[in-house]
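Lettering follows sequence order; numbering is per chain, from 1.
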Amino acid sequence: MPLRLYNTRTRKIEAFQPRREGQVSIYVCGLTPSAQAHLGHARSFLFFDILRRYLAFSGYHVTYVQNVTDIDDRSIAAAHRLGVSWREIVAGYYAEFKRSMQRLGVREPDKEPYATDFIPQIRETISALIEREYAYVASDGIYYRVGKFANYGALSNRNIAELEAGARIEIDEAKEEPLDFALWKFAKPGEPHWPFEPYGDGRPGWHIECSAMSHALLDPAGTGFDIHGGGADLIFPHHENEIAQSEPLMARPPMADFWLHGGLLLFDNRKMSKSLGNFEPLSEVLDRYDPQAIRLLFLRTGYGKVMNFTEEAMAGAVATLSRLRRDYRLLHEAAASADGTAGGGGSLTERVVAALDDDMNTAAALREVLAAASAPAAGDARERLRELRSVLNLLGIEPDDRWLASPEELPLPADLAGALRAEIGEPWLDGIDDGRTALERVVAERLAARADKDWSRSDRLRDALARCGIEIKDGKEGSAWSVVR
RNA sequence: GGCGACGUAGCCAAGUGGUAAGGCAGGGCUCUGCAAAAGCCCCACUCGGCAGUUCGAAUCUGCCCGUCGCCUCCA
């Protein structure tokens, strides 16, 4: 059963077939780092990360390009506002984004082209469009002549008349038609600019960089590439415009066979976006929640569906993750003591593959993984572990040291001794700076209190420990403590 | 106004013709000084509403209602 994907271009689920045997070329619209990335970005890139992993797992050699639109009105405006250069703005936000992606386990793109590194190719593309009358020079820039491209609207399923009826487009006198969009904006005083003879210095408009860079990096022959992706909010106008810019210059359209779009993430039932400002920066969400839990959260919903983020749902994902870790650790322990009878295995992988073949149904795949991880010991533990690890890897979940550590072996919270001193404030903690020593001292104090049946003191100490990130479990033989993950 | 998606328990969500997965929250029990953790059990006679197709529908069709998105910068 081959991989089947929903193709925005045809509005159908189709069997995926790459153009070149064994190779897949993907272009995904990346970030415009003119503001902090938010959780919605994470959802989108997390999906393409899993798609990539799955294609590679299926034996394809994948070339994954994800651009950086490093020049746009917003970063210029932000630079003016903050009195720094636009390059600093972009570099800062992009570095933060990259760190977040790394924390989420999203693999680096094979190529990460910056728009401003492709100014020559952008100029070339614009010149070619002007030559063929798909573009014209106006007083404040160079525009794309939408009316000239017969297929305009095909991707997003709309027609020019409807779009004009929308009438939310500002009338710009410089343009021939309201739908025409800028390919090149002539520089105003104080704005960054690049030369473009004979038309005038300026900067690229949004959209053109993707046409120029996908052509340069994935499709020099002008015959198209395999997959073009991005968030659903890019379908119109961004991807529609990319097609309009690229296809008239191609030897053989379409620009890309498959157009894949990730569903938007809502927050408080509203779109999470820069302009609404109802988002928390991704980096802060990652501070609050385990990145692997966030990955699980997104895995549970179909990639193309609108999804609403809630703290409650997030708590559910956190619980799922800790159960998965425990199951994994138990399986790991069983595998270590197994005497190594050969096991068949393979069926979990088959079920996961079947799920992903069905338009990347990660929810079904995850369901299989969780069921297999928690299944009562059946078959060879080592084989099961090996398979579980492989399938987790496919979903981008990499068991690390913390997965194997029992809760007592996890690293202690930073400055635990100080925190405990502040919480408890009793003299016997004075001078103890080592977290572990302090912790053991508190546990011993509490045990003494319990022996005296001084329950209120015992509970007070337990609460203090809890506030410092240490959980106490009283058992038959003493009290065990564990670090709250 | 146009185009599109979605509407399944308090929350998230799977299921797309054969009689409602799972998780979280909640409740009960075991354990405990009390907890926590863990384990067991319970928790949608029903899938926004109304018609229709069918032996049979959450799943197909039509209409209606609602929410959200795109149509302007956006993953």
When the P atoms of B:G49 and B:U32 are compared, how many Å lie between them, rounded to an integer? 48 Å

Could you check which nucleotide pairs with B:A9 in any of the strands shown, counting Watson-Crick or G-U wobble with both distances under 3.5 Å? none

According to a strict under-4.0 Å criterion, is A:Arg270 in side-chain N/O contact with OP1 or OP2 of B:C68? yes

Pair A:Glu284 + A:Arg288, salt bridge at N-O below 4.0 Å: no

Distance alone, cut at 3.5 Å: any donor-acceptor contact between the side chains of A:Tyr54 and A:Asp357? yes

Kindly say if A:Asn157 contacts the phosphate of B:G4, meaning a side-chain N or O under 4.0 Å from OP1 or OP2. yes

Give a yes or no on whether a salt bridge exists between A:Glu471 and A:Arg462, defined as a side-chain N under 4.0 angstrom from a carboxylate O. no

Let me know, please, whether A:Arg446 or A:Leu39 comes out on the 5' side of the other along RNA chain B by nearest nucleotide. A:Arg446

Across the strands shown, which category fits A:Gly40 at heavy-atom distances under 4.0 angstrom: base, sugar-phosphate, nothing? base

Roughly how far apart, to the nearest Å, are B:A25 and B:A38 at atom P? 10 Å

Over how many whole Å does the gap from A:Asn159 atom CG to B:C70 atom P extend? 20 Å

Measure the acute angle between the ring planes of A:Tyr152 and A:Phe149, then classify it against the limits of 30° and 60° as parallel, tilted or perpendicular. perpendicular

Out of B:C71, B:G69, B:C73, which has the shortest distance to the side chain of A:Leu264? B:G69

Considering only atom P, compute the distance from B:G10 to B:A44 and round it to an integer number of Å. 11 Å

To the nearest Å, how far apart are A:Arg158 CZ and B:A5 P? 12 Å

Atom CG in A:Leu234, atom SG in A:Cys29: separation rounded to 0.5 Å? 5.5 Å

Protein-nucleotide distance (A:His38, atom NE2; B:C73, atom C1'), rounded to Å: 11 Å

Classify the nucleic acid contact of A:Ser458 as base, sugar-phosphate or nothing, counting any heavy atom under 4.0 Å across all strands shown. base

Quantified in whole Å, what is the C1' atom distance between nucleotide B:A75 and nucleotide B:C34? 49 Å

Considering every strand shown, what is the Watson-Crick or G-U wobble mate of B:G26 when both distances are under 3.5 Å? B:C42

Any cation-pi pair here, A:Arg4 with A:Phe16, using under 6.0 Å and within 45°? no

Does A:Asp452, at its CG atom, have more than 12 non-hydrogen atoms belonging to other residues, nucleotides or ligands within less than 6.0 Å? yes

Rounding to the closest angstrom, what is the interatomic distance between B:A9 and B:C43 at atom C1'? 9 Å

Could you tell me how far apart A:Tyr303 (OH) and B:A14 (P) are, to the nearest whole angstrom? 14 Å

Provide the Watson-Crick or G-U wobble partner of B:U53, both distances under 3.5 Å; none if there is no partner. none

Between atom CG in A:Asp359 and atom P in B:A14, what is the gap in whole Å? 13 Å

Considering only atom C1', compute the distance from B:C60 to B:U16 and round it to an integer number of Å. 9 Å

Contact nearer the 5' end of RNA chain B, comparing A:Phe45 with A:Trp455: A:Trp455

Taking atom P in both B:G48 and B:G15, compute the distance separating them and give it to the nearest angstrom. 15 Å

Classify A:Gly302 by what it touches in the nucleic acid, base, sugar-phosphate, or nothing, heavy-atom distance under 4.0 Å. sugar-phosphate

Taking a pair as Watson-Crick or G-U wobble with both distances under 3.5 Å, which nucleotide is matched to B:G1? B:C71

How long is the line joining CE of A:Met307 and C1' of B:A5, in whole Å? 16 Å

Are OP1 or OP2 of B:G23 and a side-chain N or O of A:Arg367 less than 4.0 angstrom apart? no

Determine the contact category for A:Gly30: base if any of its heavy atoms lies under 4.0 Å from a base atom, sugar-phosphate if only primed atoms, P, OP1 or OP2 are that close, otherwise nothing. sugar-phosphate

Nearest-nucleotide pick for A:Arg462, side chain only, options being B:G22, B:G33, B:G69: B:G33

Quick one: does A:Met101's side chain get under 4.5 Å of A:Phe45's, heavy atoms only? yes

What is the separation between atom CG on A:Asn308 and atom P on B:A13, rounded to the nearest whole Å? 7 Å

Classify A:Leu370 by what it touches in the nucleic acid, base, sugar-phosphate, or nothing, heavy-atom distance under 4.0 Å. nothing

Between A:Glu177 and A:Arg145, is there a side-chain N and carboxylate O pair less than 4.0 Å apart? no

Sticking with atom P, work out how far B:C47 lies from B:A37, rounded to a whole angstrom. 35 Å

Salt bridge or not for A:Lys185 and A:Asp72, using N-O below 4.0 Å? no

So, does the side chain of A:Asn361 form a donor-acceptor pair with the base of B:G15 at under 3.5 Å? no

What's the NZ-P distance between A:Lys305 and B:G4, to the nearest Å? 18 Å

Go through B:C24, B:C68, B:C70 for me and flag the one nearest to the A:Phe236 side chain. B:C70

What one-letter contact string describes nucleotides 36-44 of chain B from 5' to 3', where B marks a base within less than 4.0 Å of any protein heavy atom, S marks contact via sugar-phosphate atoms alone, and - marks no contact? BSSS-----

